[in-house]
Amino acid sequence: MIRSVVRGNGAALPRRIMKNADFEGMVETSDEWIVQRTGIRQRHVAADDETTASLGEDAARAALDSAGMTPADIDLIILATSTPNNTFPATAVEIQNRLGMHHGFAFDMQAVCSGFVYAVATADLYIRGGLAKRVLVIGSETFSRILDWSDRSTCVLFGDGAGALVLEAEDGAGAITDRGVLAASLRSDGVHKDKLFVDGGPSTTGTVGHLRMEGREVFKHAVGMITDVIEATFSEAGITAEDLDWFVPHQANKRIIDASAKKLGIAEEKVVVTVDLHGNTSAASVPLALSVAVADGRIKKGDLVLLEAMGGGFTWGAVLLRW
Ligand code: UT7
């Protein structure tokens, strides 16, 4: 059985760090409120010359380096983003060109914060279906560009950044001991579309628009949705929470992460938390968290890793893989 195995990973963050205290003169908020309600302490914010394409390119180059590969080795680029450089063409194609890659194909995937989880599951299907052997999966976002900087209920929550994985086809035994993507569960339900959305777009206002969120409503649904897809993934793979080495959730709110881990019976020391460092970077949050836990030696070859995300749409999903 063909498996999609992680060969390398990488990340890129804008140069500028914005601390919670930096908001105190801009909107009525405090470091204490932000830390208590979300766990966020700082986030990176892109300068004019830092875009979804440039950050995505940097993360992709780092992932290729760690895989010992060059763009010539890649057949497909999937970029998860909700903040593309342009309405079209796909920013994935711009990254392809920046990498000097003029073969294969590239496209964007839009599932907001769940984008990276959707993209890994999609890359796995392209690999197992035989359409690609090596795939660059990137999550890159510049949410700072779509924030309403006068709205304290959203502007303190998000940050910019990018992360990437290189996946490669490898023969596996079809067993849980195989390396690579082992199981996935994806969901969406557009009935929730008005709880987290951008109030502009090419076909409606002709503008880019700003992010709007009913935070409490999103919070209310998050834990149940997250745990549902994770339980589906566990049951597909025939494992329990105890079998996991690492839980790498979407980094939106420390309270959501803690409540999900508790409900699933995942031990605290197995949970990778980076929301304090990056804020919510939407589709970049899971690969950024992976990059931190790989760099500090926590995630190692052979570890069983669970990825999860939930966001606008709503969309939600989980992927189980052996690193
Ligand atoms: O990535 C996609 C998924 N997104 C999420 O998962 C986000 C989910 N939601 C959340 O994380 C939380 O709901 C928030 C962090 C957004 C808000 O936390 P909360 O505990 O749900 O607070 P709340 O919205 O119920 O607001 C409590 C109070 C309100 O004041 P009143 O009405 O009680 O007087 C808000 O106006 O906190 C106020 N508030 C703030 N105060 C200081 C809202 N934002 C701020 C702020 N600073 N930045």
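Counting convention: from 1, in listed order, for ligands and their atoms alike. The chain is numbered in sequence order, starting from 1.
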Modelled atom types, side-chain donor and acceptor of D108 and T81, under 3.5 Å: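 Distance-only check fails for D108 and T81.
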
Residues T83 and E141: side-chain donor-acceptor under 3.5 angstrom: yes

Could you identify the single nearest non-hydrogen protein atom to [atom] and state the distance to 0.1 Å?
atom                    : result
atom 18 (O) of ligand 1 : R255 NH1, 3.9 Å
atom 2 (C) of ligand 1  : C113 SG, 3.4 Å
atom 11 (O) of ligand 1 : N253 ND2, 2.7 Å
atom 47 (N) of ligand 1 : T29 OG1, 2.6 Å

Heavy atoms, side chains only, cut-off 4.5 Å: are [X] and [Y] in contact?
X    : Y    : result
T205 : D199 : no
S285 : F116 : no
R15  : E50  : yes
V27  : C155 : yes

Electrostatic pair D258:K262 at N-O distance under 4.0 angstrom: no

Sub-4.0 Å protein heavy atom near atom 29 (C) of ligand 1: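 Flag for atom 29 (C) of ligand 1 set to false, no protein heavy atom closer than 4.0 Å.
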
[X]: numbered ligand 1 atoms lying under 4.0 Å from its heavy atoms:
X    : result
I256 : 6 (O), 8 (C)
L196 : 2 (C)
H250 : 1 (O), 2 (C)
L157 : 16 (C)
V218 : 3 (C), 4 (N), 5 (C), 6 (O), 8 (C)
T38  : 15 (C)
A252 : 1 (O), 5 (C), 6 (O)
N280 : 1 (O), 2 (C)

Given [options], which one has a non-hydrogen atom that is nearest to [atom]?
atom                    : options                : result
atom 35 (C) of ligand 1 : R152, H221, M213, E24  : R152
atom 21 (O) of ligand 1 : R216, K254, Q36        : R216
atom 39 (N) of ligand 1 : W33, F219, F23         : W33
atom 27 (C) of ligand 1 : E214, E217, R37, K195  : R37
atom 8 (C) of ligand 1  : G215, G312, G311, A222 : G215

Trace of the side-chain contact (heavy atoms from CB on, under 4.5 Å) decision for D178 with R322: CA-CA 7 Å; D178 287 351; R322 191 173 297 282; over 6 Å; no

Single hit among R7, R179, R3, K133 for side-chain hydrogen bond (donor to acceptor under 3.5 Å, both in side chains) with E170: R7

Mutual orientation of the aromatic rings belonging to Y126 and F107 [parallel < 30°, tilted 30-60°, perpendicular > 60°]: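 Ring orientation of Y126 relative to F107: tilted.
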
Evaluation steps, salt bridge (charged side-chain N to carboxylate O under 4.0 Å, His left out), between R212 and D194: CA-CA 8 Å; R212 306 290 171 205; D194 294 335; over 6 Å; no

